[in-house]
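Note that these values count all heavy atoms, side chains included, but never hydrogens, waters or copies made by symmetry. One is the number of the first residue; the rest follow in order along the sequence.
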Amino acid sequence: REAQAAGNLNHPGIVSIYEYGEDDESAFIAMECVVGRSLRDHLIAGYRPELKVFPEILVQILEGLEFSHSRGVIHRDIKPGNILISEMGAAKISDFGIARLEASHLTMLGEVLGTPYYMAPEQFDGQPADERSDVYSAAVIVYEVLTGRRPFEGQGAALMKQVLQGDPPLPSSLEPRLSKELDRVLLKALAKHPETRFRSARQFLEALLAAFEGEPLPASVSDTGEQ
């Protein structure tokens with residue numbers, strides 16, 4: 001499944017798949033070697049950007065997601081452990097093992113797939129994931145990188161209840177250098193219902209950059225998603 005999903009995704013923000021197949025009783029995937037560490041490792045070590053400009057690694061993550069979605073691949077497990085940061089500072093999305101391909105039927109309704117802290121509400125309910133589910137997961141990463149904590153903490157049922165029903169702290173209440181405009185952007189990306197989030201990673205990125213640069217927020221921030 002990972003080879004099918006990522007094999008045709010040729011983008012600097014995505015770990016490349018070079019070859020896949022079987023040898024005797026073993027299946028293999030030959031992929032790009034990224035010399036560096038995962039974003040999770042960096043966060044555990046205390047990584048915090050200066051916040052003078054929007055962090056470039058977050059730009060790269062969202063651009064990689066936009067490309068993946070444009071090719072009909074929904075990742076469904078976007079989290080810091082699946083973001084590799086090279087020694088040169090390039091961010092690359094990895095591990096498309098539970099990705100959904102628009103043209104396939106490999107995933108059935110009712111499967112709960114993902115990593116709880118970064119899963120969108122609809123994934124907890126076993127509902128189909130789409131681009132907006134990946135946008136939600138990416139928003140959790142953006143929130144964590146900018147504030148130093150995830151929007152929802154806890155374990156098991158308590159975490160699920162927060163994701164499904166709770167409101168996250170405003171990012172600016174945790175990191176005073178962040179603007180109220182950024183609060184609006186992140187809360188939209190973390191909306192409970194997919195139809196009220198940004199429709200694409202590109203929309204989300206454009207709104208984040210506008211908030212950071214002090215420019216008027218794009219219309220997508222106020223868009224309810226309804227046609």
Side-chain angles (χ1 to χ4, degrees), residues 13 39 49 51 53-70 74-80 83 91 93 114-125 127-153 159-227:
L39 178 57
L51 301 184
V53 295
F54 189 65
E56 180 61 27
I57 63 167
L58 299 179
V59 173
Q60 295 170 11
I61 292 168
L62 290 169
E63 288 179 341
L65 265 186
E66 178 70 15
F67 182 83
S68 171
H69 295 163
S70 74
I74 312 301
H75 190 285
R76 301 197 303 169
D77 194 21
I78 293 294
K79 61 183 179 181
I83 307 298
I93 301 171
T115 301
Y117 288 118
Y118 303 91
M119 283 169 56
E122 62 270 18
Q123 290 178 276
F124 278 101
D125 287 336
Q127 298 300 311
D130 63 15
E131 293 91 340
R132 298 164 300 182
S133 307
D134 280 351
V135 166
Y136 179 98
S137 301
V140 177
I141 292 178
V142 173
Y143 188 109
E144 184 174 5
V145 168
L146 298 182
T147 69
R149 55 154 286 178
R150 294 180 289 252
F152 300 110
E153 300 288 356
L159 174 63
M160 183 185 298
K161 183 176 180 179
Q162 289 181 61
V163 172
L164 293 174
Q165 302 176 11
D167 295 321
L170 292 176
S172 63
S173 71
L174 302 172
E175 172 50 77
R177 291 176 293 174
L178 301 178
S179 67
K180 299 298 182 183
E181 288 75 17
L182 188 71
D183 287 346
R184 289 180 59 195
V185 172
L186 278 172
L187 291 183
K188 180 177 178 66
L190 293 169
K192 305 300 182 189
H193 301 289
E195 60 271 15
T196 57
R197 293 181 208 136
F198 294 100
R199 299 178 187 178
S200 68
R202 172 58 57 187
Q203 279 192 349
F204 182 31
L205 176 56
E206 289 173 350
L208 286 168
L209 292 175
F212 253 78
E213 294 167 5
E215 298 179 354
L217 295 181
S220 59
V221 178
S222 300
D223 182 12
T224 63
E226 298 177 354
Q227 297 288 337

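- The distance from the CD1 atom of Ile61 to the CD1 atom of Ile57 is 5.5 Å, given to the nearest 0.5 Å.
- A donor-acceptor pair is defined here as one N or O able to donate and one able to accept, closer than 3.5 Å; no such pair exists between the side chain of Glu181 and the backbone of Leu217.
- Taking both residues in full, the closest heavy atoms of Phe204 and Ala138 are given as CE2-C, 4.3 Å, listed atom of the first, atom of the second, then distance.
- Ser220 contributes no side-chain N or O that, together with a main-chain N or O of Asp223, makes up a donor-acceptor pair within less than 3.5 Å.
- Counting heavy atoms from C-beta on, the side chains of Phe198 and Val185 come closer than 4.5 Å.
- Here CG of Leu146 is found 8.0 Å from CG of Leu208. Values are rounded to the nearest 0.5 Å.
- With sequence neighbours excluded, the residues that form a side chain to side chain donor-acceptor pair (under 3.5 Å) with Ser133 are Glu122.
- With rounding to the nearest 0.5 angstrom, the CG atom of Leu39 is 12.5 Å from the NZ atom of Lys79.
- Atom OH of Tyr143 is separated from atom CG of Leu178 by 9.5 Å, given to the nearest 0.5 angstrom.
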Going through the checks in order, is the side-chain contact (heavy atoms from CB on, under 4.5 Å) test met by Arg184 and Ser222?
CA-CA 9 Å; Arg184 289 180 59 195; Ser222 300; 3.5 Å; yes
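- Remark: the backbone N or O of Ser172 is paired with a side-chain donor or acceptor of Asp183 at under 3.5 angstrom.
- The distance from the OG atom of Ser137 to the CD atom of Gln123 is 5.5 Å, given to the nearest 0.5 Å.
- Between the side chain of Thr147 and the backbone N or O of Glu175 there is no donor-acceptor pair closer than 3.5 Å.
- In this structure the side chain of Leu187 never reaches within 4.5 angstrom of the side chain of Asp167, judged on heavy atoms.
- Between His69 and Leu65, the closest side-chain pair of non-hydrogen atoms falls below 4.5 Å.
- Contact annotation: the side chain of Arg197 approaches that of Tyr136 to within less than 4.5 Å [non-hydrogen atoms, C-beta and beyond].
- Residues Pro49 and Arg177 come closest through the heavy atom pair O-NH2, 4.3 Å.
- Residues Leu159 and Glu153 are not in side-chain contact: their nearest non-hydrogen atoms beyond the backbone lie 4.5 Å or more apart.
- The structure places CG of Asp125 at 5.5 Å from CG of Leu164, a figure rounded to the nearest 0.5 Å.
- Side chains of Arg150 and Tyr118 form a contact here, defined as non-hydrogen atoms less than 4.5 Å apart.
- In terms of heavy-atom proximity, Pro151 sits nearest to Pro168 at CB-CB, 3.6 Å.
- Between Thr196 and Lys188 the shortest heavy-atom distance is O-NZ, 2.9 Å.
- Nearest approach of Arg202 to Glu63, heavy atoms of both residues: NH2-CG, 3.8 Å.
- In terms of modelled atom types and a separation under 3.5 Å, the side chain of Lys161 and the main chain of Gly166 share no donor-acceptor contact.
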Quick one, Leu205 with Glu66, criterion side-chain contact (heavy atoms from CB on, under 4.5 Å). Give me CA distance, side-chain angles, the key distance, then yes/no.
CA-CA 10 Å; Leu205 176 56; Glu66 178 70 15; over 6 Å; no
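- For the residue pair Arg132 and Asp130, the shortest heavy atom distance occurs at NH2-OD2, 2.6 Å.
- A heavy-atom distance below 4.5 Å is found between the side chains of Val59 and Phe54.
- The shortest side-chain heavy-atom distance between Leu51 and Phe212 falls under the 4.5 Å cut-off.
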